[in-house]
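For reference, the structure is listed below as structure tokens.
Because the structure is predicted, anything quoted here is derived from the model rather than measured.
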Amino acid sequence: MPVAEPSGEYSVVCRVDLSHLFSKIEETKTLSITRPSPDILEKLLAKLASDDSLTRLEAATELGYFQKHGDRVFPALVESFKIDDDNLRQNLMYSMANYPDQIEKQTTFFLKVLANKELPERIREYSAYCLGEHGAISPDVEKALEAAAANKKGGLETYALQSYQRRKKASAIGD
Amino acid sequence: MLHLCAVLALLFGATTYPAGDGDGTESVQLKSIHFKIETACGEEQTILGRLDASKEGGATYDRAVLDLDGDGTPEKEITLKRSARSPGTDRFDVQLRFDVKELNWRLDLRGNTTDPFKFPVFMFWSLGGPGGSVFFINGKVPVYPTAEEARSGKAVRLGPPFHFEVRSSTRGPDALVNVGLKDVNGSTLRTASRSNQESVGHEEAEISLAFVRDGKEGAPITAHYG
């Protein structure tokens, strides 16, 4: 779980009650915390443009966790999509999907990727998955997923449509 | 040569079956796997066990024989409920269930059929009783080619002692702390639930962690298992 403590060594007490079968267990341990550097966001954004594909990939994944900086991170993820690297593109979409406050922009982006027949099938398929799991509940999304699922029965697009329909139903119940 | 294989099979308790597609062009010695279990809930018990392939033509372990009181006479023979040999691989995945009074033990073993003593045999174990249950994952089981070696060797111990492991990592801008309860086999507590006496159902037994500052404990944080 995330903790607010600054970098340093701490004494912590851990407990669990297994007395229903064994006993209560308690231990004091030493924990060393190292916080990310204050400029971690800048470093990761710079790494997105690295010549090394693994560095770009790791940065793309890590950038999925800066929810307080969505307005800054999301455009950088979209911009990096131009790099012709399908592993990177998949990780970028995965991270984009982690920003609930960018849902309209996500949805628009994923719909464009799904419709772009010049992109590899794997990338379009993954964009369908992201739409199904995270996209806005809207007639455009539903129509796009229905068309994609009809085009390739039993694939990830079918799963994406089912996932969307489940979310649509759940959001109607919640209303 | 055939006579020698039969003698070796008798000596080492191994069973010879056709390999792979069963077309009979090749024989594989499916070696019996011996192990020792220590159960430690209330009264401690030592159980000697063996995995076998029960039928001729079988290419995986589908029978377990347990000596529940360690006197050398097997009391319990189990046809294994889940015995899978993933097609095209040499893995086995078996589940042993045995009861001791009101306690329901379960031990899942996963290993390699071709050379079960070269590669680790991994295990999951769980215990259920009137008070509730626990489930531990990803430990290792010491295994042996003979009953004598299992008897004198290290046991897989289902129960205490337990210890906590804590570690810190980073994710995005955050520092994370992960805490897990481990047993001596290296397994990690995955779930634990208590029977709720007041109502039907169970409540989760949660791991908590509290920072100590100036000799005083802070408010406990509930951790996720593992």
Side-chain angles (χ1 to χ4, degrees), chain A residues 1-45 47-48 58-70 72-74 76-77 91 94-95 98-99, chain B residues 40-42 103 126-134 136 158-183 189 192-197 202-218 220-225:
Chain A
M1 57 274 189
V3 292
E5 280 67 15
S7 298
E9 293 245 317
Y10 296 87
S11 182
V12 293
V13 179
C14 305
R15 292 186 179 91
V16 68
D17 182 356
L18 298 184
S19 56
H20 56 296
L21 286 168
F22 301 112
S23 66
K24 291 184 181 180
I25 300 147
E26 176 181 311
E27 271 187 80
T28 301
K29 311 285 291 190
T30 301
L31 173 66
S32 180
I33 292 178
T34 306
R35 297 204 72 84
S37 60
D39 61 349
I40 183 70
L41 178 55
E42 302 306 324
K43 285 180 175 167
L44 288 171
L45 288 170
K47 282 182 179 179
L48 264 187
E58 286 172 349
T61 307
E62 276 296 293
L63 282 166
Y65 298 108
F66 289 82
Q67 274 64 39
K68 290 182 184 169
H69 304 273
R72 179 121 189 264
V73 174
F74 195 85
L77 298 175
N91 272 34
Y94 177 86
S95 288
N98 269 352
Y99 285 85
Chain B
C41 181
L103 300 174
S126 68
L127 172 61
S133 64
V134 293
F136 281 76
L158 309 184
F162 302 119
H163 69 278
F164 283 103
E165 279 188 5
V166 286
R167 58 184 172 83
S168 173
S169 60
T170 62
R171 189 184 66 188
D174 297 323
L176 304 180
V177 166
N178 193 283
V179 53
L181 186 76
K182 307 283 251 185
D183 68 7
L189 178 66
S193 64
R194 283 187 290 266
S195 298
N196 189 323
Q197 298 293 335
H202 292 81
E203 56 187 33
E204 290 300 316
E206 293 169 325
I207 292 177
S208 72
L209 177 148
F211 283 85
V212 180
R213 295 179 186 83
D214 300 324
K216 287 185 186 166
E217 274 187 43
I221 310 166
T222 301
H224 293 294
Y225 289 113

Would you mind checking which part of A:Ser11 comes under 4.5 Å of any heavy atom in chain B, side chain (CB onward), backbone (N, CA, C, O), both or neither? both

Highest number of heavy-atom pairs under 4.5 Å with chain B: which of A:Leu31, A:Thr28, A:Thr34? A:Leu31

Pair A:Phe22-B:Leu127, side chain to side chain contact (heavy atoms under 4.5 Å, CB included): steps then yes or no: CA-CA 11 Å; A:Phe22 301 112; B:Leu127 172 61; 3.7 Å; yes

Are any of the side-chain heavy atoms of B:Leu181 and A:Leu18 separated by less than 4.5 Å? yes

Which one of B:Ala175, B:Ser168, B:Pro220 has the most heavy-atom pairs closer than 4.5 Å to chain A? B:Ala175

State, to 0.1 Å, how close B:Pro173 and A:Tyr65 come at their nearest heavy-atom pair, and which atoms those are. CD-O, 3.1 Å

Hey, which of A:Glu62, A:Gln67, A:Arg15 has the most heavy atom pairs under 4.5 Å with chain B? A:Arg15

dist B:Asp174:CG -> A:Ile40:CD1 (nearest 0.5 Å) comes out at 11.0 Å

Identify the heavy atoms of A:Pro36 and B:Gly172 that sit nearest to each other, and give their distance. CG-O, 3.5 Å

Quick one: SG on A:Cys14 to NE2 on B:His163, what's the gap to the nearest 0.5 Å? 11.0 Å

Gap between atom CD1 of A:Ile33 and atom OG1 of B:Thr170 - 0.5 Å precision: 12.0 Å

B:Arg194 side chain vs A:Asp17 backbone, donor-acceptor pair below 3.5 Å: yes

Starting at CG of B:Leu209, measure out to OH of A:Tyr10 and round the result to the nearest 0.5 Å. 12.5 Å

Can you say whether A:Thr30 sits under 4.5 Å from chain B via the side chain, the backbone, both, or neither, judging by heavy atoms? backbone

Pairwise distance CD(A:Glu27) to CZ(B:Phe164) - rounded to 0.5 angstrom: 6.5 Å

d(B:Leu176 CG, A:Met1 CE) to nearest 0.5 Å is 9.5 Å

Other residues, nucleotides and ligands only: do more than 12 of their heavy atoms fall within 6.0 Å of NZ on A:Lys47? no

Quick check on the interface: out of B:Val212, B:Val177, B:Ile221, B:Leu103, who has the most heavy-atom pairs with chain A under 4.5 Å? B:Val177

